[in-house]
Amino acid sequence: MNFCTHFDSNYLPHAMTLASSLERNSKNYTLYMICMDKESFNYLKNNPLKNIQLIYFRDIEKKYPSLKVAKSNRNLVEYFFTCSPAICNYVMDQFNFIDSITYLDADLYFFSDPVKVFNEIKDKSIAIIEHRFHWTTKRQLKYGRFNVGWVTFKNDIEGKKCLKQWMENCLDWCYQKVEKDRFGDQKYLNRWPSLYKNLHIIQNKGANLAIWNIPNYNLSLVENQIFIDNQPLIFYHFANIDQISKSTFNTNLSRVFINLKGILLDKVYIPYLKELKSNMIFNDQIIPKKDNHISGLKYFFTILSRKIRYIFFNDIIELEK
């Protein structure tokens with residue numbers, strides 16, 4: 001299994017936590033960690049992790065000069081989105097002996113071996129995963145049917161063709177703007193099922209559990225293994241977490257009318273946040289990504305709605321200092 005992810009020093013805690021969760025749950029893998037600044041690269045170079053291949057992003061920019069052009073006309077978050085297919089392309093090209101590459105968002109966390117997902121993908125050239133929105137989050141379909149948190153490309157003709165096209169799309173246009181068939185790097189995936197015959201849509205319920213789909217499922221604990229309905233939890237996507245202070249985090253689960261308690265609190269969020277906090281190397285607080293696609297009156301009502309929901313649904317975690 002070959003994975004890649006990219007991050008800067010601000011998101012280094014997420015990346016290190018992702019890496020350690022993989023190391024605990026699987027031994028047969030390589031994680032290509034693409035560092036987007038010197039601070040993160042130098043730290044990991046001096047403090048190497050198991051099963052890691054370290055890459056400094058300047059090498060990718062040298063290989064793909066078009067990235068620098070894109071960098072000049074979009075913000076930092078948009079540039080990170082632009083780079084998602086570029087890092088996959090780079091790894092596939094530089095390490096051409098690998099049979100596939102799987103892009104992972106840095107804020108994923110594994111609870112069991114991801115080999116289960118690859119057993120499902122089998123010999124398919126491309127594998128993507130739906131958001132599986134709950135009815136309370138269906139409005140988010142405007143951002144894309146599929147989530148970029150996990151995307152697999154086989155080192156074959158169709159896999160490389162799809163990856164190349166995705167990279168060209170993102171270099172051309174990759175902004176935090178909602179258009180009919182575009183949003184960041186993500187909405188391009190909507191087209192793929194009709195374009196590529198050897199594509200698989202991942203079905204395992206335990207893959208990519210997240211705030212936008214968790215109300216769909218029942219969580220249970222069997223011999224200390226978390227189950228999502230009748231399937232083991234493989235990985236959780238810890239998106240939408242805001243760090244309020246050094247030891248306090250807002251999970252934002254109130255947005256989907258979920259009270260933070262039981263298995264979700266004790267076995268999912270607290271273990272992750274404790275490890276995340278322990279991996280904060282440069283700062284005590286992670287700077288949140290800036291969303292610039294909601295503004296004006298719509299932004300006001302969005303914030304008001306979230307504050308009302310917060311009154312009724314507890315979603316704050318305060319770790320021991």
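Classification of the W166-W192 ring pair by plane angle, with boundaries at 30° and 60°, yields perpendicular. Between F282 and Y43, the ring-plane angle classifies as perpendicular under the 30° and 60° cut-offs.
In terms of hydrophobic clustering, with Ile, Leu, Val, Met, Phe, Trp and Tyr side chains grouped at heavy-atom distances under 4.5 Å, L209 and F227 are assigned to different clusters.
Residues forming a salt bridge (charged side-chain N to carboxylate O under 4.0 Å, His left out) with E130 (at least two apart in sequence, or on another chain): R145.
At least one test fails for K187 against the ring of F183: distance under 6.0 Å to the centre or angle within 45° of the axis. Judged by the 6.0 Å distance and 45° axis criteria, R132 is not positioned over the aromatic ring of W212. Geometrically, R74 engages Y175 in a cation-pi contact defined by less than 6.0 Å to the ring centre and at most 45° from the axis.
Between the side chain of N213 and the backbone N or O of A210, at least one donor-acceptor pair lies under 3.5 Å. In this structure a side-chain-to-backbone donor-acceptor pair under 3.5 Å is present from N75 to E78. Not one N or O on the side chain of D59 forms a donor-acceptor pair closer than 3.5 Å with the backbone of I55.
A 4.5 Å side-chain heavy-atom check between W150 and N208 finds every atom pair outside the cut-off. The closest side-chain heavy-atom distance from N279 to H14 is not below 4.5 Å. Under the 4.5 Å side-chain criterion, counting only non-hydrogen atoms from C-beta, Y188 is not in contact with V148. Between I214 and H134, every side-chain heavy-atom pair lies at or beyond the 4.5 Å cut-off.
A salt bridge links R58 to E61: one of the charged nitrogens lies within less than 4.0 Å of a carboxylate oxygen. Here R24 pairs with E275 in a salt bridge; the nearest charged N to carboxylate O distance falls below 4.0 Å.
In this structure, CE in M167 is found 13.5 Å from SG in C162, a value given to the nearest 0.5 Å. Atom OG1 in T102 sits 6.5 Å away from atom CG in L104 (nearest 0.5 Å). Here OG of S247 is found 3.0 Å from NZ of K277. Values are rounded to the nearest 0.5 Å. C88 SG to N2 CG: the interatomic distance, rounded to the nearest 0.5 Å, is 11.5 Å. A distance of 10.0 Å separates OG1 of T248 from CD1 of I317, quoted to the nearest 0.5 Å. Annotation: the span from F153 atom CZ to C4 atom SG amounts to 9.0 Å, rounded to 0.5 Å.
Here the rule is ring pair (Phe, Tyr, Trp, His ring centres under 6.0 Å) with Y32, and of F3, Y103, F95 only F95 fits it. Just one residue in the list Y11, F249, Y269 forms a ring pair (Phe, Tyr, Trp, His ring centres under 6.0 Å) with F238, and that residue is Y269.
In the model, H131 has no side-chain atom that pairs as donor or acceptor with a side-chain atom of Q140 under 3.5 Å. A side-chain N or O of S125 and one of D156 form a donor-acceptor pair less than 3.5 Å apart. Looking at N51 and T30, their side chains never bring a donor and an acceptor atom within 3.5 Å of each other. If you check the side chains of D93 and Y64, you find no donor sitting under 3.5 Å from an acceptor. Under 3.5 Å, the side chains of N96 and N155 contain no donor-acceptor pair of N or O atoms. Checking D37 against S9 by side-chain atom types alone, a donor-acceptor pair falls below 3.5 Å.
The environment of K246 atom NZ is sparse: at most 12 non-hydrogen atoms of other residues, nucleotides or ligands sit within 6.0 angstrom. Surrounding CG of N28 are at most 12 heavy atoms belonging to other residues, nucleotides or ligands under 6.0 Å away.
Here the two rings, on H6 and F80, have centers that are under 6.0 Å apart. Checked against the 6.0 Å centroid criterion, the rings of Y109 and Y236 do not qualify as a close aromatic pair.
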If you apply the rule side-chain hydrogen bond (donor to acceptor under 3.5 Å, both in side chains), what do you find for S112 with K116, and how did you get there?
CA-CA 9 Å; S112 59; K116 302 180 189 76; 3.2 Å; yes
For the pair K27 and E23, evaluate salt bridge (Lys or Arg N to Asp or Glu O under 4.0 Å) and give the outcome as yes or no after the intermediate values.
CA-CA 6 Å; K27 305 303 177 187; E23 197 274 328; 3.0 Å; yes
Take D181 and R191 through the salt bridge (Lys or Arg N to Asp or Glu O under 4.0 Å) test and state the conclusion after the steps.
CA-CA 9 Å; D181 58 353; R191 311 172 189 171; 3.5 Å; yes
